[in-house]
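Sequence lines set the chain letters: A, B, ... in the order given, protein chains first and strands last, and positions in each chain run from 1.
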There are 2 protein chains.
Amino acid sequence: MNKAEILIIDDEPQIRKLLQINLESNDYKVVQASTGKEGLMLSASHPPDLILLDIGLPDKSGHEILQELREWYNRPIIILSVQDNETDIVSALDNGATDYLTKPFRTGELLARIRSAVKRSQNTENSPIISCGDIEIDLVARIVKRNNEAIKLTSTEYNLLALFAKNEGKVLTHQYLLKEIWGYSYQTETQYLRVFVGTLRKKIEENPNNPQHIITESGVGYRFQ
Amino acid sequence: MNKAEILIIDDEPQIRKLLQINLESNDYKVVQASTGKEGLMLSASHPPDLILLDIGLPDKSGHEILQELREWYNRPIIILSVQDNETDIVSALDNGATDYLTKPFRTGELLARIRSAVKRSQNTENSPIISCGDIEIDLVARIVKRNNEAIKLTSTEYNLLALFAKNEGKVLTHQYLLKEIWGYSYQTETQYLRVFVGTLRKKIEENPNNPQHIITESGVGYRFQ
DNA sequence: GGACATCTTTACAAAATCTTTATAACTGCA
DNA sequence: TGCAGTTATAAAGATTTTGTAAAGATGTCC
């Protein structure tokens, strides 16, 4: 199973270190940024599963970063702050923060709030297995089966298929798919999609030349059924 | 839009009263229960949009109530508690609580956390569907059905039909349609429209020679009904 | 360091879609 | 009826989009 990835945006090295140690020992992969700008770049080039954002950054206010992130990033953002005033908290929550903790925080509580947020964002109607015709996807174990036989997928292939399955029936645009899987800054790389849809079809379709699961919506995107 | 409904489960009347006043003045509908048992009954008979649950109840511990609720209730549950110990918080969050506030709480913060939770739980709701006789258009999934059977449309055909459907009954001029679908500089290309209305009629009309949905308004434009 | 899996990029063929042209059909009116 | 203006349909041509194979690049694990 792949580790969930967490991006820490905080200018204090000792806080970053503390978080890193705690998160890594709880089986998260950690990426760090010391400025808001760096955080925005990192999240755009490779979207993490959750962002821990310090409000008091040197270059830009955390509120600005939050707003910029929320223009496209829709996974959890937990705010960490020394500020314990209500205005800050309310404004952060209303601007799309998932949660708000004041420093010093209790590590156990932070971890629990991270677990809770990640679980909710993976939000699959509390059924961890998506079934769709002859395809079965176990979102917890990250295993895909076709006619009860396990299929070997690379990490990107799996992420793409899981995203499709979570949105069964809906047309997902190229832009959206690229943004979710590769990151905000990859929105124009539609050729990636063609290649990966191609390999996915070879693995999950009965007849890849006449796909029954991943349907092309020409000019728009793809649809999973 | 209907008011969101909030169920308060708390044994202290003065807290309930305080919450009630604050919530109602923020346009929520409020239902109250003074015991865990009553709360379970009320939520089962008429599920609210969000539950505020006090941990320290006289009959059953709030943790038990939480677990029982989570067996079937998947909208937000926010815990209110005088307990500020980490064990309680972690256990509540891991048992499916959406958030955890310690009393005394700040009203503005509670309201912001409620807004945040409600917003998040709502954006997984189903998509709006425009229905029009035997035609059904799902604007989010980008799917068109006739007599419950999916119809394959090209991107331009779909855009045109969606535009028609959003303006059901109104006459849309050639100019307007061309401007919306093709762009400002195509306003004189009425032949495009004829071609695409033609293919659309073939796909969605019972008898394309006697269209019932896309009606020609000679010299002006088209009307969808 | 080298074998291996995976991702990225390139090139080209195939398919789908859009645009244009030609022609037929309809409508209202003298 | 015949005419002018508008609309409908079919089909050829042009363009865009998609699919596939394969080579190059990158990273990982021993």
How many whole angstroms separate atom [atom1] of [X] from atom [atom2] of [N]?
{"X": "Ile214(B)", "N": "dT7(D)", "atom1": "CD1", "atom2": "P", "answer": "15 Å"}
{"X": "Leu160(A)", "N": "dC7(C)", "atom1": "CG", "atom2": "C1'", "answer": "14 Å"}
{"X": "Leu153(B)", "N": "dT17(C)", "atom1": "CG", "atom2": "C1'", "answer": "13 Å"}
{"X": "Leu193(B)", "N": "dC18(C)", "atom1": "CG", "atom2": "C1'", "answer": "14 Å"}

Short heteroatom pairs, N/O only, protein and nucleotides 28-30 of chain C, under 3.5 Å:
none

* **Degree of bending in the helix from dG1(C)-dC30(D) to dA30(C)-dT1(D) once both end axes are built from five pairs, to 10°** => 30°
* **Whether Tyr192(A) and Tyr186(A) hold their rings parallel, tilted or perpendicular, with breakpoints at 30° and 60°** => tilted
* Asked: Reading nucleotides 17-30 of chain D from the 5' end, what letters show protein touch, with B for base, S for backbone sugar-phosphate only, - for no heavy atom under 4.0 Å?
  -> SBBBS---------
* Asked: Does a donor on one side chain and an acceptor on the other come within less than 3.5 Å for His46(A) and Glu5(A)?
  -> yes
* Where the side chain of Thr154(B) is concerned, which of dT20(C), dC7(C), dT17(C) is the nearest nucleotide? -> dT17(C)
* Any idea which of dC18(C), dC7(C), dT19(C) is nearest the Tyr192(B) side chain? -> dT19(C)
* **Heavy-atom check, side chain of Ser155(B) versus side chain of Ser218(A), under 4.5 Å** => no
* **Trp182(B) side-chain N/O to dC18(C) phosphate OP1/OP2 under 4.0 Å** => no
* Structure fact -> side-chain contact (heavy atoms from CB on, under 4.5 Å) with Thr216(B): of Arg194(B), Arg223(B), Arg201(B), only one passes, and it is Arg201(B)
